[in-house]
Protein chains: 2
Amino acid sequence: MSPQHRRRRIPDATVARLPVYLQLLNERMAAGVTNLSSEDIAALAAVNAAKVRKDLSYIGTYGTRGVGYDVEYLVYQISRELGLDHEWSVVIVGAGNLGQALGGYGGFNVRGYPVAGMFDIDETKVDTVVGGVRVKHLDDLPKVVAQQQVSIGVVATPAEAAQDAADRLVRAGVTSILNFASVVLSVPLGVTVRTVDLGVELQILSYHEQRRVAAATGLRPVADEAPSGRSA
Amino acid sequence: MSPQHRRRRIPDATVARLPVYLQLLNERMAAGVTNLSSEDIAALAAVNAAKVRKDLSYIGTYGTRGVGYDVEYLVYQISRELGLDHEWSVVIVGAGNLGQALGGYGGFNVRGYPVAGMFDIDETKVDTVVGGVRVKHLDDLPKVVAQQQVSIGVVATPAEAAQDAADRLVRAGVTSILNFASVVLSVPLGVTVRTVDLGVELQILSYHEQRRVAAATGLRPVADEAPSGRSA
DNA sequence: CGACGCTCGTGCGCACATTCACAAAGTCGT
DNA sequence: ACGACTTTGTGAATGTGCGCACGAGCGTCG
Ligand SMILES: NC(=O)c1ccc[n+]([C@@H]2O[C@H](COP(=O)([O-])OP(=O)(O)OC[C@H]3O[C@@H](n4cnc5c(N)ncnc54)[C@H](O)[C@@H]3O)[C@@H](O)[C@H]2O)c1
Ligand SMILES: NC(=O)c1ccc[n+]([C@@H]2O[C@H](COP(=O)([O-])OP(=O)(O)OC[C@H]3O[C@@H](n4cnc5c(N)ncnc54)[C@H](O)[C@@H]3O)[C@@H](O)[C@H]2O)c1
């Protein structure tokens, strides 16, 4: 493909860690810390220091040898790289149990993802107010997405309705979807989907629990550790 | 019980996909399907067919050449491998916005993770009933964990309290933690932590959105697609 | 009952990710 | 101004995961 000036592509694994660094840098900054070494950051993020340096090197060389990284500047650079220099409006589809928790969750606004609208098909849910946002009928989705320039949609419907919800979001113009339903969504190329499935998470945990039990039962001298989540 | 089957270590990437296969196999089984090829499963899971076969090969050779996989048998085998042949009680720490949504969520019981207790420090939350479970004071955590053989804990407290909650869970004997707070938890070796951070997910999405915008602006000849979540 | 077609299981090479290890580049004290 | 010390940035080594491609086995049909 295009050889040279192709914008340094940041590896997926790194993209997934940058928000974690950002979070903890913000936290330290709030605590008055102005400088941190890769070693410090690594300790806080429970990862290898070399990994931290390599990750940060993808977005530029903002460290100072012998000193470390200026926290404020680094926060700025990571934020910019993640596209946090402006707000991204989101819409939430499904105003049930989870949808209401999400709508009432302050974190969206704080982090720069204002909730532009919540949608449901259940008439009893429509026009209720959740977290200061009035629930609208799903049919109003296209209008809101267009008017408010929404590019991120959250799917919080039952699994059976999730694909329909995703289809509507895509049709309305949304190009990123955060899906909480236990289904694999099918979307056209060019649309990014991330699924957060509680059941999957629990099953991954119970897999490890099960191994642990098997090991303890003395069947095998298993000794490995630190799987997918973080340990320390 | 555990078969004499020499238990190889299953790659993390595979462990993370098995629950997805399981979910969709259950769904197809409910629809009356008795047999599926790796190609079929791959289409449903939006992954490569060879990957499906390799994943399944880690848990045994349960397919039939020329035919495919018997859905029911495969469901049984995956379930066994994930430790779903018995129930895993969970406790939820933090009965706020999210904790209540989780407590009221039927999915826990359905999937074999009965909620053995919900805990909070806020006296106004204690003794309220969420999803049929009475919220108890955090001080009662050790007793419940011990009595009900709980090995999985869910952290749904504010970020500031999450480390404390994790410490208490670990001290009580919990060895797997599902963390919803935006912090990197520090736990002793031998304890598995998985963090689900809404902010991280949104930031990963906005990173991709941002690239997309940059690409559209014609500044860079970016052409790649299908990042970390699933597309199709 | 043998040939054929289908699909599994897996060896192999490639790409991506992680970690090590060290020169380069800075700071700090004298 | 210089040497001792610290910490970055990155090549190279190692580890992990992915997907092609193909042999092996099973079922079917003539
Ligand atoms: N509640 C939780 O704590 C929790 C946790 C993890 C995952 N989830 C998942 O999140 C999803 C929602 O869970 P919930 O507990 O909020 O369920 P819920 O039944 O309480 O809410 C679902 C809402 O979606 C609405 N809905 C149904 N079909 C729709 C459609 N086609 N378009 C728009 N809205 C529609 C319903 O009217 C309802 O208000 C489920 O897939 C569930 O598995 C929930
Ligand atoms: N609400 C959401 O939709 C949502 C979504 C994603 C992530 N989260 C995260 O989940 C966590 C909880 O969010 P929330 O909206 O439920 O907050 P919340 O404030 O509604 O609830 C927090 C609860 O934790 C309790 N608590 C505080 N300190 C505690 C302690 N030391 N031990 C036990 N309980 C304690 C509080 O009394 C309160 O009931 C936060 O970290 C948040 O970032 C929430």
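The chains referred to below are lettered A, B, ... by the order of the sequence lines, with proteins before strands, and numbering in each begins at 1.
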What integer distance in Å separates [X]:[atom1] from [N]:[atom2]?
X	N	atom1	atom2	result
Y62(A)	dT7(D)	OH	C1'	19 Å
D40(A)	dT7(D)	CG	P	8 Å
I10(B)	dG17(D)	CD1	P	12 Å
N35(B)	dC26(D)	CG	P	15 Å
I59(A)	dG9(D)	CD1	P	10 Å

- line: Nucleotide by nucleotide, nucleotides 17-24 of chain C touches protein heavy atoms under 4.0 Å in the pattern (B base, S sugar-phosphate only, - none) SSBBB--B
message: Between K51(A) and D55(A), does any side-chain N to carboxylate O distance fall below 4.0 Å?
response: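 Salt bridge: no.
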task: Report the residue (G66(A) or S37(B)) whose heavy-atom-nearest nucleotide on DNA chain C is the more 5′ of the two.
output: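 Its nucleotide being nearer the 5' end, the pick is S37(B).
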query: How are the rings of F108(B) and Y105(B) set relative to one another: parallel (under 30°), tilted (30 to 60°) or perpendicular (over 60°)?
result: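 F108(B) and Y105(B): perpendicular rings.
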query: Among dT27(C), dG9(D), dC8(C), which nucleotide sits nearest the side chain of Y69(B)?
result: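 Taking heavy atoms from C-beta onward, the closest nucleotide is dC8(C).
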query: Counting only heavy atoms not in Q148(A), do more than 12 sit closer than 6.0 Å to its CD atom?
result: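 Correct, the count exceeds 12.
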- prompt: Got a sec: does the CD of Q149(A) have more than 12 other heavy atoms crowding it under 6.0 Å?
  reply: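 For Q149(A), atom CD is not crowded (no more than 12 foreign heavy atoms under 6.0 Å).
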message: For T64(B) and L36(A), find the nucleotide of DNA chain D closest to each by heavy atoms; which residue's nucleotide sits nearer the 5' end?
response: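 Per heavy-atom nearest nucleotide, the more 5' residue is L36(A).
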Distance below 4.0 Å between S38(B) side-chain N/O and dC8(C) OP1 or OP2: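 Yes, because at least one side-chain N or O of S38(B) sits under 4.0 Å from OP1 or OP2 of dC8(C).
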query: Would you find a donor on one side and an acceptor on the other, under 3.5 Å apart, between the side chain of R212(A) and the backbone of T175(B)?
result: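 Yes, because the side chain of R212(A) sits within donor-acceptor range (under 3.5 Å) of the backbone of T175(B).
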query: For the side chain of S37(B) and the backbone of D40(B), is there at least one donor-acceptor N/O pair under 3.5 Å apart?
result: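 Checked: pair present.
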